[in-house]
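Reading through the structure tokens given below for one structure.
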Amino acid sequence: MQKKLKILIFNFLLILVFFTEAIAQVQVVGAKRDILKGKILEEEDLTYITIGYKQSGTFENINDLIGKKLKYNIKAGEVIKDFMLDDFDIKPNTKVKIIYDKNGIRIELLGRTVEGGKIGDIIKVKNISTNKVIKCKVLDANTVLYITGEN
């Protein structure tokens with residue numbers, strides 16, 4: 001009887017360990033391949049990685065990382081954490097005011113960013129009225145300055 005009880009307890013503990021490990025595992029977003037610092041993340045750069053427990057600063061949805069810029073080089077299979085990302089002052093696909101200022105002539109137009117950037121960065125912006133993509137300097141989160149002669 002005592003031997004059967006020990007076996008029963010042992011089997012119960014094995015089942016408990018199995019379920020505890022199964023519950024504790026979580027899928028988070030990681031790098032599908034080596035990715036260099038400065039890269040704007042795209043869906044094909046990312047994959048889901050199973051880890052033992054939810055860690056702070058990790059992401060559970062690939063869409064949360066698409067369009068973000070990396071601060072560091074990341075190796076294939078590495079979990080991507082929030083500290084590895086460079087926040088933009090202006091994000092991709094954002095409506096912005098385009099300023100053209102040349103020889104005392106100032107024109108303001110509406111545009112939509114093609115890529116994100118920080119203040120001072122040169123980014124691509126689509127002029128909404130002409131659908132032409134132009135290069136502009138980021139002035140703030142809502143304003144860019146057309147760079148004359150740059151396309």
Side-chain angles (χ1 to χ4, degrees), residues 1-99 109-147 150-151:
M1 176 74 175
Q2 199 172 23
K3 188 174 182 178
K4 285 184 180 182
L5 183 60
K6 284 182 181 179
I7 292 172
L8 185 63
I9 290 172
F10 179 75
N11 286 339
F12 174 75
L13 290 175
L14 282 178
I15 292 169
L16 185 62
V17 167
F18 173 77
F19 280 118
T20 303
E21 285 184 9
I23 292 170
Q25 291 187 339
V26 64
Q27 282 196 329
V28 295
V29 182
K32 189 183 283 186
R33 56 180 159 256
D34 291 352
I35 310 171
L36 297 177
K37 168 180 149 178
K39 169 88 165 83
I40 307 299
L41 294 173
E42 301 174 74
E43 188 171 358
E44 51 269 9
D45 298 319
L46 307 168
T47 189
Y48 289 103
I49 297 172
T50 302
I51 59 175
Y53 59 94
K54 173 72 171 128
Q55 299 171 5
S56 66
T58 58
F59 298 86
E60 294 180 16
N61 189 332
I62 283 178
N63 293 325
D64 293 339
L65 290 172
I66 294 173
K68 305 271 185 177
K69 184 177 179 182
L70 290 177
K71 280 189 203 178
Y72 307 99
N73 292 334
I74 297 179
K75 296 201 178 291
E78 187 174 350
V79 173
I80 298 174
K81 296 190 174 184
D82 57 2
F83 76 87
M84 299 173 171
L85 304 173
D86 197 3
D87 289 332
F88 290 126
D89 292 315
I90 198 165
K91 303 210 182 316
N93 201 29
T94 301
K95 284 186 180 179
V96 292
K97 177 172 42 173
I98 302 170
I99 297 175
L109 307 163
L110 288 178
R112 184 171 294 278
T113 57
V114 174
E115 53 194 12
K118 292 183 149 293
I119 292 173
D121 287 351
I122 307 297
I123 64 169
K124 292 178 183 175
V125 178
K126 182 184 266 189
N127 179 333
I128 290 176
S129 61
T130 65
N131 281 330
K132 184 177 179 183
V133 175
I134 57 177
K135 289 191 179 178
C136 298
K137 182 176 183 176
V138 178
L139 300 179
D140 62 39
N142 303 305
T143 314
V144 296
L145 177 67
Y146 172 68
I147 307 298
E150 298 264 341
N151 291 32

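Position 1 is the first residue of the sequence; numbering continues from there.
The environment of Glu43 atom CD is sparse: at most 12 non-hydrogen atoms of other residues, nucleotides or ligands sit within 6.0 angstrom. More than 12 heavy atoms of other residues, nucleotides or ligands lie within 6.0 Å of NZ in Lys71, so this atom counts as buried by the packing criterion. Atom NZ of Lys124 is surrounded by 12 or fewer heavy atoms from other residues, nucleotides or ligands within 6.0 Å.
Side-chain contact between Asn73 and Ile35 is absent, with no heavy-atom pair separated by less than 4.5 Å. Ile123 places a side-chain heavy atom less than 4.5 Å from the side chain of Val125. Between Ile98 and Cys136 the shortest side-chain heavy-atom distance falls below 4.5 Å. Looking only at side-chain heavy atoms (C-beta outward), Lys75 and Arg33 stay at 4.5 Å or farther from each other. For the pair Val79 and Phe59, the minimum side-chain heavy-atom distance is 4.5 Å or more. In this structure the side chain of Lys126 reaches within 4.5 angstrom of the side chain of Val114, judged on heavy atoms. With contacts defined as side-chain heavy-atom distances shorter than 4.5 Å, the pair Ile80/Ile74 qualifies.
At distances below 3.5 Å, at least one donor-acceptor pair connects side-chain atoms of Asn61 with backbone N or O atoms of Asn63. Remark: side-chain polar atoms of Thr113 are paired, donor with acceptor, to backbone N or O of Lys91 under 3.5 angstrom.
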- Task: Take Asp45 and Lys32 through the side chain to side chain contact (heavy atoms under 4.5 Å, CB included) test and state the conclusion after the steps.
- Result: CA-CA 5 Å; Asp45 298 319; Lys32 189 183 283 186; 5.8 Å; no

- Between Lys97 and Leu109, does a side chain to side chain contact (heavy atoms under 4.5 Å, CB included) hold up when you go through it step by step? CA-CA 6 Å; Lys97 177 172 42 173; Leu109 307 163; over 6 Å; no

- Please lay out, stage by stage, how Asp86 and Lys118 fare under the test salt bridge (charged side-chain N to carboxylate O under 4.0 Å, His left out). CA-CA 9 Å; Asp86 197 3; Lys118 292 183 149 293; 3.6 Å; yes

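Between Val29 and Tyr48 the shortest heavy-atom distance is CG2-CE2, 4.0 Å.
With Thr58 as the partner, the side chain to side chain donor-acceptor pair (under 3.5 Å) test is satisfied by one option alone out of Glu60, Gln55, Lys54: Lys54.
Leu46 contributes atom CG, which lies 6.5 Å from atom CD1 of Ile66 (distance to the nearest 0.5 angstrom).
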